[in-house]
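Worth knowing before you read on, the calculation uses all heavy atoms, side chains too, and leaves out hydrogens, waters and symmetry mates.
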Amino acid sequence: MTGQMITADLVDLDLSADTKEAAARSLAERMTALGRVTDLDGFLADVAAREAQMPTGLDGGIGIPHCRSAHVTEPTLAFGRAARGIDFGAPDGPADLIFLIAAPAGADDAHLTILSALARQLMDEDFKAALRAATDPDRTASLIRGDTPEPAAADPEATEGEPVVAAAPFRIVAVTSCPTGIAHTYMAAESLENTARDLDGVEITVETQGSSGFTRLDPAVIAAADAVIFAHDVPVREKERFAGKPTVDVGVKAGISRPADLITEVRARAARGETTADAASSTPVDNAGDPTDGYGTKLRKWLMSGVSYMVPFVAAGGLLIALGFAIGGYEIADVKVGTLLDHFDWSSTTSWAALLFQTGQAAFGFLIPVLAGYIAYGMADRPGLVPGFVGGAVAVTTQAGFLGGLAAGLIAGGVVMAIQKVKVPAVLRGIMPVVVIPLLSSVAVGFLMFVVIGKPIASLQSALTDWLNSLSGANAIVLGVVLGLMMCLDLGGPLNKVAYAFAVGGLANPTDGSLKVMAAVMAAGMVPPLAMALATTVRGRLFTRSERENGKAAWVLGASFITEGAIPFAAADPLRVIPASMAGGAVTGALSMAFGCTLRAPHGGIFVVPLIGNAFLYLIAVAAGVCVSAALVIGLKGLRTAGAAAVADDGPSDELPGQNAKVAAAA
């Protein structure tokens with residue numbers, strides 16, 4: 001590290017901000033003044049993106065916004081004390097102690113160790129009391145750095161009398177982890193350790209799976225443990241090490257806010273003889289988020305788990321197929337595998353086109369099994385993979401298609417969860433996940449898919465295909481509008497992925513209708529980043545310097561059909577960017593359908609134009625949507641700027657970055 005992580009210049013003992021955004025900006029400005037942050041708005045966008053993942057308020061009056069950012073030159077911490085308190089989403093109310101942690105994008109293990117040490121300090125009541133009483137910034141910075149050791153607590157008086165033989169302690173091992181692995185991971189560990197220290201007869205050893213990696217617990221420690229606590233928001237790595245022990249599985253914030261409850265609960269489970277084989281709900285998805293999530297929310301997470309693993313197969317396979325068509329023409333699909341194997345010609349473009357097409361087809365063959373397998377994984381962890389993949393393969397065999405894959409994944413996960421609820425003798429627990437669960441669940445899923453629901457779903461899939469083929473006129477335009485809105489509402493989120501998965505599912509057995517749907521979906525998905533790029537080019541003064549830089553990259557991202565390129569703009573100004581994007585996406589989707597455009601590739605943007613039917617009209621549809629979105633976002637931002645200027649009574653200004661950044665902050 002090139003300097004001290006916190007100095008007096010980074011301490012504000014009278015932070016006057018009223019919101020978490022204003023607090024982060026005030027503290028980040030101190031970092032910028034010292035050269036620790038190179039782009040204030042870019043850094044704040046990264047802070048906001050991290051805050052959107054999960055609130056950073058903690059019980060006890062603490063707000064700890066933090067992120068990794070390419071705009072940070074060295075690990076830096078700024079501290080602010082807000083007398084009125086600021087809402088950071090903590091259950092017990094506003095925070096008066098605000099820590100802004102800035103880590104470089106490539107922070108090494110030493111830097112993360114410093115950050116984790118701070119996180120542990122925040123669980124010390126004496127440390128927090130000293131910060132609330134501090135009057136000098138230099139002393140405060142020194143206290144946070146740990147330059148002045150806290151006085152050791154006096155040992156309790158030794159008691160005289162007969163020696164007492166201590167009972168064997170109740171041993172717990174725990175794993176903590178959070179999405180970024182900088183703060184919550186270590187704070188949960190410290191909270192659990194402090195609570196266990198205060199309880200009689202409890203010992204706990206914690207493995208922190210932070211973003212810098214993790215040091216595995218000694219296998220002997222795990223073997224000797226009586227119970228396990230998982231406090232995590234990302235899947236526990238090498239979870240199988242803890243199999244067969246009583247387990248409590250919760251989100252990382254529960255490890256910080258209610259450690260005593262977790263210890264009490266896991267002791268009760270141990271007393272009842274419960275083990276992980278009985279805890280059917282302890283899955284990566286069930287425990288990734290608020291424990292009060294309903295089944296609707298869980299279902300969305302399960303489906304997104306499958307879709308997220310399927311998308312790389314879609315991209316790789318689809319682009320290989322597209323390249324095959326581009327080089328060899330559509331007749332390349334008629335080349336048989338045997339012909340390719342026996343008569344491959346290194347100098348023939350037809351042979352290479354056939355090779356690319358067949359490889360892409362092979363990748364496409366995994367779409368439905370991967371979708372089903374990872375839906376089941378999201379529900380039941382690793383035991384769900386085998387029946388999920390088997391069910392997906394059966395869906396392909398029975399021509400149940402994409403809908404069959406969805407059903408197979410949900411059935412496989414449900415069957416495994418039901419089997420996991422059955423109590424079995426201890427001697428059988430070791431073979432349950434390896435032999436018994438895969439065997440029984442695969443038989444059950446195979447029976448249900450082949451005999452019970454496979455044929456009805458195949459009929460439904462066929463009816464859907466016929467409906468798509470019959471779409472014309474107003475019906476097709478309405479579908480294009482709906483798909484365009486879905487692609488642009490959450491910019492790569494669940495609704496975007498649902499629309500995309502719907503389109504890709506139709507490519508397994510392409511028809512004229514499904515090819516039109518794929519074209520409309522990709523066209524609409526290109527609109528938001530291209531529109532933001534155009535808006536920053538036409539009216540750059542309405543955007544911050546960071547947004548203008550992001551606009552340059554958005555040209556390429558949009559042209560490549562990466563809708564997420566608009567996320568930085570939406571995160572900074574969602575009320576203007578998202579509606580504008582949706583309007584443009586709806587226009588593009590409707591025009592694409594009205595023009596009868598088709599697309600055989602599931603990805604690629606403008607780079608697969610040779611594979612687009614009615615390509616010229618397709619590009620017009622995209623351009624129209626981009627212009628609509630860009631015009632709307634410019635108009636909405638212009639109204640905001642004019643309103644802010646009127647309030648300030650400063651009149652219109654043509655000064656660019658600094659002044660407009662202040663106006664944007666005020667709005």
Side-chain angles (χ1 to χ4, degrees), residues 228 230 235-236 238-249 269 272-288 295 298-299 301-307 309-310 365-458:
V228 181
F230 294 134
V236 174
E238 301 179 13
K239 192 175 183 179
E240 63 277 5
R241 294 174 292 156
F242 306 93
K245 294 183 181 294
T247 303
V248 166
D249 198 332
R269 291 193 178 189
R272 294 192 298 266
E274 296 180 9
T275 66
T276 51
D278 302 318
S281 66
S282 297
T283 71
V285 176
D286 279 328
N287 299 287
Y295 278 101
K298 290 181 180 180
L299 177 62
K301 292 179 180 178
W302 295 338
L303 297 180
M304 285 302 298
S305 175
V307 171
Y309 281 99
M310 182 187 75
F366 287 99
L367 296 189
I368 294 173
V370 166
L371 173 69
Y374 281 98
I375 288 174
Y377 171 76
M379 297 174 69
D381 209 344
R382 289 177 61 181
L385 284 174
V386 171
F389 272 89
V390 169
V394 174
V396 174
T397 302
T398 59
Q399 297 184 338
F402 180 72
L403 295 178
L406 293 176
L410 294 171
I411 291 170
V415 169
V416 172
M417 292 170 71
I419 295 174
Q420 288 176 327
K421 291 181 179 179
V422 178
K423 293 185 178 182
V424 297
V427 70
L428 296 178
R429 289 172 187 162
I431 65 170
M432 286 293 291
V434 179
V435 178
V436 178
I437 292 178
L439 174 63
L440 296 181
S441 58
S442 295
V443 169
V445 172
F447 171 78
L448 291 171
M449 290 300 297
F450 272 120
V451 179
V452 181
I453 67 170
K455 192 171 182 179
I457 293 179

Which value, rounded to the nearest 0.5 Å, describes the distance between D249 atom CG and F242 atom CZ? 11.5 Å
Shortest non-hydrogen contact between G405 and A395, atoms and distance: N-CB, 3.8 Å
Show the nearest heavy-atom pair for residues P383 and I437, with the distance to one decimal. CB-CG2, 3.9 Å
Which atoms form the tightest heavy-atom contact between I457 and G404, and what is the distance? CG2-N, 3.5 Å
OH of Y374 to CZ of F389: how many Å apart, nearest 0.5 Å? 5.0 Å
Check A408 against G392 and note the closest heavy-atom contact, atom names and distance. CB-N, 3.9 Å
Can you see which heavy atom on P387 is nearest to which on A412, and at what distance? C-CB, 3.7 Å
Which residues share a side chain to side chain contact (heavy atoms under 4.5 Å, CB included) with L410, sequence neighbours left out: L299, W302, L303, I375, M379
Assess whether side-chain contact (heavy atoms from CB on, under 4.5 Å) is satisfied between L367 and L371, documenting all intermediate values. CA-CA 6 Å; L367 296 189; L371 173 69; over 6 Å; no
side-chain contact (heavy atoms from CB on, under 4.5 Å) assessment of V248 paired with F230: CA-CA 6 Å; V248 166; F230 294 134; over 6 Å; no
In short, V416 meets A380 closest at the heavy-atom pair CG1-CB, 3.5 Å
If you define the side chain from C-beta out and look only at heavy atoms, does anything of P246 sit under 4.5 Å from V228? no
Determine, stepwise, if the pair L439 / V386 fulfils side-chain contact (heavy atoms from CB on, under 4.5 Å). CA-CA 9 Å; L439 174 63; V386 171; over 6 Å; no
So does K245 get a backbone contact from the side chain of T247, meaning a donor-acceptor N/O pair under 3.5 Å? yes
Under the side-chain contact (heavy atoms from CB on, under 4.5 Å) criterion, do I419 and S441 qualify, and how do the steps go? CA-CA 8 Å; I419 295 174; S441 58; 4.2 Å; yes
Between atom CE of M449 and atom OG1 of T398, what is the distance when rounded to the nearest 0.5 Å? 5.0 Å
Not counting sequence neighbours, which residues clear side chain to side chain donor-acceptor pair (under 3.5 Å) with Q399? List them please. none
